[in-house]
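Each chain gets a letter, A, B and so on, in the order its sequence line appears, and its residues count up from 1. Fair warning: this is a prediction, and the values are worked out from it, not measured in the lab.
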Number of protein chains: 2
Amino acid sequence: MADAALFEFLHTEMVAELWAHDPDPSPGGQKMSLSVLEGMGFRVGQALGERLPRETLAFREELDVLKFLCKDLWVAVFQKQIDSLRTNHQGTYVLQDNSFPLLVRMASGLQYLEEAPKFLAFTCGLLRGTLSTLGIKSLVTASVAALPACKFQVVIQKA
Amino acid sequence: MADAALFEFLHTEMVAELWAHDPDPSPGGQKMSLSVLEGMGFRVGQALGERLPRETLAFREELDVLKFLCKDLWVAVFQKQIDSLRTNHQGTYVLQDNSFPLLVRMASGLQYLEEAPKFLAFTCGLLRGTLSTLGIKSLVTASVAALPACKFQVVIQKA
């Protein structure tokens, strides 16, 4: 119970810390903090990817890897699965979480929408890092239409 | 399995991030980063403390609270218990962990001893924050004699 909350509390503190000491509140400074968070997520994702059971390293299809992220990775980190996974079958995947744990504590309402990217950057990196360990290069972005739902878009980079 | 490692990976990234962007490598700058980590630990500890089952809020004795930290808090965060708890019965407690998870990955050897404080500051804050939520004001410091063992000294501040 407490341990499930631990990641969430720690994530909140990281975001607060990066923005509290951010000397540059301009769009450039914001971008820098977001990229720091994304980088931390990437390295945590890489490390988590290395811890995965061996059999998962032999996925036959790209789609199997994405399904694995939606189930196993999400459960390990957020104690729930992604709500839906869609793809255009051309290397773009959209993972939708209808109640994303790192956004749930924010009051819902349009006025908080602009704060949302701070709470998504780490997870974008987490997805990209885990995919990287599984041998897939990707670009991951996130968007929010109505809190606390959000979408992560994964675009596979073909070699 | 992966979720148990998540806290550890994230903690490693926080430490790395704070030291990578630390513009001031002087003892003063080091102290600043340590106090940032301690502060993050404090707030996470406070939040974890609030999540504790209600019955634990009615501890009869100070010693019961300390035992609770050694068992329940440690298991929630580190998946193990503290190895020993000693007290002088005058408000000073020494919690010894013979194999502290956040130090285990460091190679053992005297040459790494000076790096150890970075990996203990968050946990000092965690103890102080959890105690604070349970109504006890304290000072918490840590020391390492031989990696990966360490001691946390809790000194209760009487009102």
Side-chain angles (χ1 to χ4, degrees), chain A residues 1-24 29 32-33 35-54 56 68-69 71-80 101-102 105 122-123 125-126 129-130 133, chain B residues 1-24 29 32-33 35-54 56 68-69 71-80 101-102 105 122-123 125-126 129-130 133:
Chain A
M1 185 215 59
D3 38 330
L6 183 61
F7 165 70
E8 228 171 279
F9 294 148
L10 203 52
H11 180 272
T12 305
E13 283 303 316
M14 285 187 332
V15 172
E17 179 53 35
L18 276 168
W19 265 263
H21 292 256
D22 191 353
D24 179 3
M32 170 81 176
S33 296
S35 108
V36 167
L37 271 178
E38 205 272 348
M40 293 172 83
F42 180 78
R43 289 182 297 277
V44 170
Q46 275 188 315
L48 280 182
E50 283 162 11
R51 282 275 199 127
L52 303 176
R54 283 299 163 91
T56 63
F68 172 81
L69 299 183
K71 287 187 192 174
D72 301 72
L73 178 71
W74 230 247
V75 168
V77 178
F78 301 115
Q79 290 80 48
K80 62 164 294 200
L102 300 180
R105 278 165 210 272
F122 180 87
T123 307
L126 193 76
T130 309
T133 293
Chain B
M1 187 213 59
D3 38 331
L6 183 61
F7 165 69
E8 229 171 278
F9 294 148
L10 203 52
H11 179 271
T12 305
E13 283 303 316
M14 283 186 335
V15 172
E17 178 54 33
L18 276 168
W19 265 263
H21 293 256
D22 191 351
D24 179 2
M32 170 81 176
S33 296
S35 107
V36 166
L37 270 178
E38 205 271 349
M40 292 172 83
F42 180 78
R43 290 182 296 277
V44 170
Q46 275 188 315
L48 280 181
E50 283 163 11
R51 281 277 198 124
L52 303 176
R54 283 298 163 94
T56 63
F68 172 81
L69 298 183
K71 288 189 191 172
D72 301 72
L73 178 71
W74 230 247
V75 167
V77 178
F78 302 114
Q79 288 81 50
K80 62 165 293 200
L102 300 179
R105 278 165 210 272
F122 179 86
T123 307
L126 193 75
T130 309
T133 294

Exercise. Roughly how far apart are A:Gln46 CD and B:Phe9 CZ, rounded to 0.5 Å?
Worked result: 11.0 Å
Exercise. Which residues pass the salt bridge (charged side-chain N to carboxylate O under 4.0 Å, His left out) test with B:Lys71, sequence neighbours left out?
Worked result: none
For this session: Heavy-atom pairs under 4.5 Å with chain A are the metric here; pick the option from B:Thr12, B:Leu10, B:Leu73 that has the most.
Result: B:Leu10
Problem set entry | Distance-minimising heavy-atom pair for A:Arg43 and B:Glu13 | NE-OE1, 2.7 Å
Exercise. Excluding sequence neighbours, so at least two apart, what forms ring pair (Phe, Tyr, Trp, His ring centres under 6.0 Å) with A:Phe78?
Worked result: A:Phe7, A:Trp74, A:Phe100
